[in-house]
Every structure is written in structure tokens, then in C-alpha cells.
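Reviewing the structure listed below.
Along the sequence shown, residues carry numbers from 1.
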Amino acid sequence: MAGGAMAGGGDALRALLRAANALLRQRRYRAALAVIKGFRNGAVYGAKIRAPHALVMTFLFKSGSLREKLKSIAQATYAHSRNLAYFVFTYKGLLAAQGKKTPFHSFLAACIGGWLVFGDNNPVNSQIIMYLLSRILFGLARLAVDKGYIPQPRQDPFPLLAALVWGTVLWLFEYHRETLQPSLQSSMTYLYEDSEVWHDVSDFLIYNKRTDSK
């Protein structure tokens, strides 16, 4: 009797999967289903990107108990995953509602999504926006060259860009540190200030800072 119940349950599950697969193949539902899968992909990608970054940054630069650190990692991962899922859902949902996709519609839908989802100025959103901003500037520079708005450089401008970026960030760190994002301040403090402090071999080569009171 138990075996029959299990077999019946298996048949019901297979029937449910067949019905779901049939629904997914319906073209009339494709736009709505794409919005749902976009939500899923946003959540998964956000978690995959944020979890390892939060893990490394938390254990390198944050103090506190193991429980507090794990909680901080979980909160950052959840916020990134949730916001990216909400944004993709909003963007694709607005495009589906408009019924067509043009450059203006894409820009407007993304602006609305950015305002609603990423408008809160918090550490996770700030990092995402800065990440995008750097790539936007590169993309706009390449687009300007492709469209002929600015001439093709005769030499690779990247060495000059690298020099200006590093010169600017170290100038800001040394003289206007408060203008930099906290995580960047922590990274640069570790590199450029903590490297000036040591007492013996233990905190010169093995550890960054001594944990005892010697």
C-alpha cells in the first residue's frame, strides 16, 4: 500500500513537470516568464558575486566575533541578491508592459528600476553603483571613438589613465581620506599605513598586527 502511494506520488510529480514544461514552451507567456527567470537569475548572480567578496573583506578588515562576521556576510549577500533580483524584475517587467524595446524605453525602464531599487545610499548599493560607473565611463569613451565624436588615439591611452587613477586615489587617501568609501579606506590603510608598523618578526612577516600585549 505504501509502495502504491509512492508510485502515485511519482506519477503526479511527473505529470506536474510535463504541465510546467508545456507552459514554459508557450510563446504567449514568454515575456512574463522571462521576467520571472530574470528575477531568479538576479538573485543567484547577486549571491554568487557578493558572498565571496563579503567573506574576504569581513575576515580581513572587520573585527568582532565569528557570529557577528557571519551575520554581516549573510546580510550583505542577501541585500545584493535581493536588490539585483528586484532590479531585473522591475526592468524586464517595465519593458514587457511597454510591449516594445527601444533605446529610450530601455534607458527609462532602467532609470526607474535604479531609482526604486538602488536609490537607498547604503554600502552595498554604493559599491554596485561605483562598479557600474567605472565600466560606464570606459564604455562611453569607446562609444565616442566608434561614433567619431573623438579621434582614435594614436597611442594606447591606458598607461596615462592608470597613472592618473593611482595618483588621484593616493592623493585622496593621504589628504582627503574621508571622501573615499570605507572599504577602500580599509584596504589602503592595510597597504600603506599598517606596513609602517611592526615590533618583531611575528608582525613583520607573519601577521599584520600583534594580538598580544607584549
Side-chain angles (χ1 to χ4, degrees), residues 1-62 64-136 138-139 143 181 183:
M1 184 173 179
M6 291 179 62
D11 291 340
L13 179 60
R14 284 190 290 271
L16 181 61
L17 288 175
R18 285 195 297 269
N21 288 331
L23 176 66
L24 292 174
R25 297 188 189 102
Q26 295 289 329
R27 293 195 60 84
R28 58 179 170 173
Y29 302 129
R30 187 171 183 82
L33 293 171
V35 173
I36 296 173
K37 185 171 183 182
F39 180 90
R40 176 265 180 199
N41 284 5
V44 171
Y45 187 79
K48 289 171 65 176
I49 291 296
R50 175 58 57 172
H53 176 270
L55 178 69
V56 171
M57 297 301 290
T58 298
F59 279 94
L60 273 180
F61 300 119
K62 286 189 176 181
S65 66
L66 177 61
R67 182 176 181 178
E68 291 171 337
K69 290 179 179 179
L70 293 177
K71 182 179 179 181
S72 176
I73 294 168
Q75 288 175 336
T77 301
Y78 171 74
H80 195 144
S81 176
R82 177 200 60 203
N83 286 4
L84 199 54
Y86 285 175
F87 177 82
V88 177
F89 183 87
T90 302
Y91 173 72
K92 294 183 71 68
L94 289 173
L95 288 181
Q98 292 169 359
K100 57 183 177 179
K101 185 177 179 180
T102 68
F104 174 75
H105 287 135
S106 295
F107 178 78
L108 180 61
C111 283
I112 295 172
W115 180 279
L116 294 176
V117 178
F118 291 104
D120 183 24
N121 188 3
N122 58 56
V124 171
N125 286 351
S126 179
Q127 289 174 356
I128 294 172
I129 296 304
M130 286 189 291
Y131 174 90
L132 292 174
L133 178 61
S134 63
R135 282 146 181 81
I136 287 171
F138 267 76
L143 181 62
Q181 189 194 30
S183 63

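- Although no hydrogens or angles enter the test, the distance criterion places a donor-acceptor pair under 3.5 Å between the side chain of Asn21 and the main chain of Leu17.
- Between Ala34 and Lys92, the shortest heavy-atom distance links the atoms O-CE, 3.3 Å.
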Let me check something: any side-chain donor-acceptor pairs from residues 51-60 under 3.5 Å, sequence neighbours excluded? List them with distances.
{"residue": "His53", "atom": "ND1", "partner": "Arg50", "partner atom": "NH1", "Å": "3.4"}
{"residue": "Thr58", "atom": "OG1", "partner": "Ala54", "partner atom": "O", "Å": "2.7"}

Can I get a per-line list of side-chain donor-acceptor pairs under 3.5 Å for residues 23-33, giving both atom names and the distance, sequence neighbours left out?
none

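- Annotation for Lys69 and Gly64: closest pair CE-O, 3.5 Å, computed over non-hydrogen atoms.
- Taking Gln181 as the reference, Ser183 meet the side chain to side chain donor-acceptor pair (under 3.5 Å) condition, with sequence neighbours excluded.
- When all heavy atoms of Leu95 and Ala109 are compared, the closest pair comes out as CD2-CB, 4.1 Å.
- Summarising the geometry, atom CG belonging to Asp120 is positioned 8.5 Å from atom CG belonging to Asn83; distances are rounded to the nearest 0.5 Å.
- The side chain to side chain donor-acceptor pair (under 3.5 Å) search around Lys71 returns none, not counting sequence neighbours.
- Annotation: ring-ring contact (aromatic ring centres under 6.0 Å, His included) contacts involving residues 114-134, sequence neighbours excluded, comprise Phe87-Phe118.
- The side chain to side chain donor-acceptor pair (under 3.5 Å) test applied to Ser126 returns no partner, not counting sequence neighbours.
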Residue pair Asn41, Val88: steps toward the side chain to side chain contact (heavy atoms under 4.5 Å, CB included) verdict:
CA-CA 8 Å; Asn41 284 5; Val88 177; over 6 Å; no
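- The main-chain N or O of Val124 is found under 3.5 Å from a side-chain atom of Asn122 such that the two form a donor-acceptor pair.
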